[in-house]
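Counting starts at 1 for both ligands and their atoms, following the listed order.
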Amino acid sequence: MNTPSSFAAAYQARHLRLGVVGLGGVGLPLADAYTRAGYAVLGYDLDIQRVQALAAGRDVLRYHDLAARLLQSGRFEPTHDPERLRACDVVAVCVPTPLDMSGVLDTRPLLASAAMLARVLAPQALIVLESTVPPGTTRKLYAETLAAHGRPDLLLAHSPEREDPGAGRSLTSVPKLLAGLTDEASEQVHTLYSTIFTTPVRVASCEIAEAAKLYENAYRSVNIALANEFSNICARLELDVRAVLDAAATKPFGFQRFEPGPGVGGHCIPKDARLLANVAREVGAPATMLEQAARIHAERPRFVVEECFRLLRARGGAVHPRVLIVGVAYKRDVDVTTNAPALSIAPELSLGGAVVHWHDPVLGPDAILCDHAGRALPRVEVLDRTTVAAYDLVLVLADHSSVDWAVVATHARATLDTRGALRNRI
Ligand SMILES: NC(=O)c1ccc[n+]([C@@H]2O[C@H](COP(=O)([O-])OP(=O)(O)OC[C@H]3O[C@@H](n4cnc5c(N)ncnc54)[C@H](O)[C@@H]3O)[C@@H](O)[C@H]2O)c1
């Protein structure tokens with residue numbers, strides 16, 4: 001049993017044993033942060049293949065080369081056996097919180113993890129919910145599930161993850177929001193996270209931490225929508241939107257720059273804005289900004305396709321123009337295609353008669369991009385001057401840092417650059 005003083009002594013000596021449930025985009029970097037702070041970490045995942053890969057030091061996420069480092073630390077052990085978590089003093093829960101088919105939170109991974117932890121954890125162990133959840137979830141859904149399984153003794157805290165995939169930012173340097181359901185849970189998670197994160201930020205309730213996470217991503221969603229709308233206005237005015245943004249960004253207060261692009265993708269931005277809009281509906285508050293942003297995001301890929309055909313027509317277009325998409329991932333330097341704009345842009349282009357090929361040096365060998373009939377489109381492995389010059393249009397959808405953009409800028413017959421990757425390249 002952890003008394004406050006035994007807990008403090010244990011963290012000082014790094015004797016606490018930490019668990020991580022869900023070894024994905026959030027759980028693995030968190031396990032890495034824990035081991036680097038000196039703790040022994042047990043990582044549990046339902047996916048046995050993932051566990052086996054990690055045990056062999058093989059990466060399961062291409063943009064995180066963490067597996068080998070975790071293994072070499074000698075402090076990380078992946079497991080598929082939930083019973084092993086019994087030995088943990090603290091367990092971070094990093095399970096998915098997706099939307100179901102009707103656009104509401106699919107609570108099954110949360111409920112399954114709560115039921116499993118209720119069964120295996122030692123008395124008064126601390127659970128830190130790191131998954132992104134609507135306000136009230138930690139207190140109502142998670143704590144009540146633990147209680148319903150006979151475990152009201154377990155301490156519960158929430159600390160939302162602020163991972164920035166592919167940005168190369170150190171996880172532990174990002175201020176870490178945290179709150180407990182009880183003073184003791186708050187105290188313990190704060191004590192522990194003070195040894196791991198540079199800036200733990202204790203807030204007054206789990207609901208504040210939960211709502212802050214959703215608002216951060218909703219803020220991003222609305223501002224990306226605004227940047228895309230503004231980009232359309234600039235196009236009509238024949239203004240270079242990025243030159244205007246450069247000018248606006250010289251203002252040292254009251255302005256934060258967001259880039260226009262082909263649309264939003266990934267797991268978090270579309271999902272979290274929707275979770276907040278759902279909460280708004282439940283409590284009878286309007287969420288018109290969020291809903292309008294979602295509409296702008298939904299329309300953006302079609303706008304990009306129309307721009308492609310407009311450019312091709314202006315150049316005396318062929319019936320079957322050859323289009324090369326560069327960058328299929330949803331954003332720079334990340335090997336993730338979930339909700340990527342390319343997934344809807346490529347089929348629309350092929351439906352309109354274009355011959356579409358694609359290049360993405362970050363995506364793994366299994367990645368595919370399909371046309372409107374579900375057929376895999378050809379992948380171009382090498383992006384050299386001959387390749388680039390063979391297309392009527394090069395469409396840039398992700399500005400990966402490993403692409404030789406000067407080759408594209410110099411040798412493409414025509415380009416549509418939705419990311420500003422080609423600025424000042426010639
Ligand atoms: N990936 C990000 O950049 C990011 C950033 C901030 C917050 N989040 C949030 O963090 C949470 C996790 O996201 P992620 O990207 O790590 O998901 P992920 O899909 O990459 O990984 C989740 C892992 O959990 C495992 N899992 C599912 N149910 C389980 C269960 N009951 N027990 C044990 N393991 C289980 C899956 O097998 C998978 O390995 C979500 O709420 C997400 O919204 C993600």
Side-chain angles (χ1 to χ4, degrees), residues 19-33 42-55 58-64 66-67 78-85 88 91-100 105-121 127-134 137-138 141-142 145 149 158-169 171 174-177 209-210 212-218 220-221 264-276 329-339:
V20 175
V21 172
L23 302 173
V26 163
L28 278 177
L30 193 65
D32 181 54
L42 192 69
Y44 165 73
D45 203 291
L46 282 179
D47 181 345
I48 193 159
Q49 286 176 341
R50 181 161 286 214
V51 170
Q52 286 168 345
L54 289 167
R58 281 201 312 278
D59 278 312
V60 291
L61 305 166
R62 212 160 153 249
Y63 64 93
H64 287 307
L66 293 176
T79 181
H80 186 243
D81 177 6
E83 296 295 329
R84 301 278 316 281
L85 292 165
C88 292
V91 173
V93 175
C94 310
V95 297
T97 49
L99 300 174
D100 68 13
L105 178 68
D106 178 351
T107 55
R108 286 174 297 178
L110 287 170
L111 295 175
S113 68
M116 179 273 289
L117 291 173
R119 186 164 51 79
V120 303
L121 286 186
I127 299 171
V128 186
L129 182 58
E130 300 261 346
S131 300
T132 304
V133 292
T137 305
T138 309
L141 186 95
Y142 216 88
T145 306
H149 285 80
H158 178 56
S159 182
E161 200 52 66
R162 287 167 157 172
E163 166 82 345
D164 189 1
R169 207 187 300 280
L171 181 66
V174 179
K176 188 83 169 106
L177 297 181
E210 293 164 331
K213 171 70 194 180
L214 291 192
Y215 183 62
E216 288 162 18
N217 279 351
R220 201 163 163 71
S221 172
V264 293
H267 286 100
C268 293
I269 303 294
K271 178 194 68 149
D272 295 353
R274 179 69 188 263
L275 283 177
L276 189 55
Y330 84 93
K331 72 170 191 171
R332 179 195 303 159
D333 295 344
V334 162
D335 67 334
V336 178
T337 56
T338 310
N339 300 321

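Short contacts between ligand 1 and K213, defined as distances under 4.0 Å to a heavy atom of the residue, involve ligand atoms 6 (C), 7 (C). Which parts of ligand 1 touch V95 is read off a 4.0 Å heavy-atom cut-off, strictly below it: atoms 11 (C), 12 (C), 29 (C), 30 (C), 35 (C), 40 (C), 41 (O). Each of the following atoms of ligand 1 lies closer than 4.0 Å to a heavy atom of P96: 22 (C), 24 (O), 26 (N), 27 (C), 28 (N). Heavy-atom proximity to T97, at under 4.0 Å, picks out these atoms of ligand 1: 40 (C), 41 (O), 43 (O). Near P109, with a cut-off below 4.0 Å to any heavy atom, the atoms of ligand 1 are 31 (N). Heavy-atom contacts of V21 reach the following atoms of ligand 1: 32 (N), 33 (C) (cutoff under 4.0 Å). Short contacts between ligand 1 and Y44, defined as distances under 4.0 Å to a heavy atom of the residue, involve ligand atoms 32 (N), 33 (C). Remark: ligand 1 atoms within the under-4.0 Å shell around heavy atoms of K271 are 41 (O), 42 (C), 43 (O).
Nearest-residue assignment for atom 37 (O) of ligand 1 (options L23, D45, L46, I48; heavy-atom criterion): D45.
Within the 4.0 Å heavy-atom criterion, neither part of M116 lies near ligand 1. By the criterion of a heavy-atom distance under 4.0 Å, neither the backbone nor the side chain of H267 is placed next to ligand 1. Residue contacts with ligand 1, taken as heavy atom pairs separated by less than 4.0 Å, involve C94 solely via the backbone atoms N, CA, C and O. When non-hydrogen atoms are compared, ligand 1 lies under 4.0 Å from neither the backbone nor the side chain of P160.
No side-chain heavy atom of H158 sits under 4.5 Å from any side-chain heavy atom of Y142. For the pair L275/L99, a side-chain contact is recorded, criterion being any heavy-atom separation below 4.5 Å from C-beta on. Between T132 and C268, every side-chain heavy-atom pair lies at or beyond the 4.5 Å cut-off. The shortest distance between side-chain heavy atoms of K176 and E130 falls below 4.5 Å.
Under the 4.0 angstrom criterion for non-hydrogen atoms, R162 is not in contact with ligand 1. At least one heavy atom of E161 lies less than 4.0 angstrom from ligand 1.
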Side-chain donor/acceptor pairs under 3.5 Å, residues 19-26, sequence neighbours excluded:
none

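Remark: side-chain polar atoms of K271 are paired, donor with acceptor, to backbone N or O of T97 under 3.5 angstrom. With hydrogens and angles ignored, the 3.5 Å screen pairs no side-chain donor or acceptor of D272 with any backbone N or O of L214. In this structure, S159 contributes its side chain and L177 its backbone to a donor-acceptor pair below 3.5 Å.
For ligand 1, one of its N or O atoms has an N or O atom of R50 under 3.5 Å away. When only interatomic distances are considered, the shortest N/O to N/O separation between V26 and ligand 1 falls below 3.5 Å. Taking only nitrogen or oxygen atoms, main chain and side chain alike, T132 reaches within less than 3.5 Å of ligand 1.
Within a 6.0 Å radius of CZ in R119, other residues, nucleotides and ligands contribute more than 12 heavy atoms.
The side-chain hydrogen bond (donor to acceptor under 3.5 Å, both in side chains) check on Y330 picks up nothing, with sequence neighbours excluded.
Side-chain atoms of T137 and E210 form no donor-acceptor pair, as typed in the model, at a separation below 3.5 Å.
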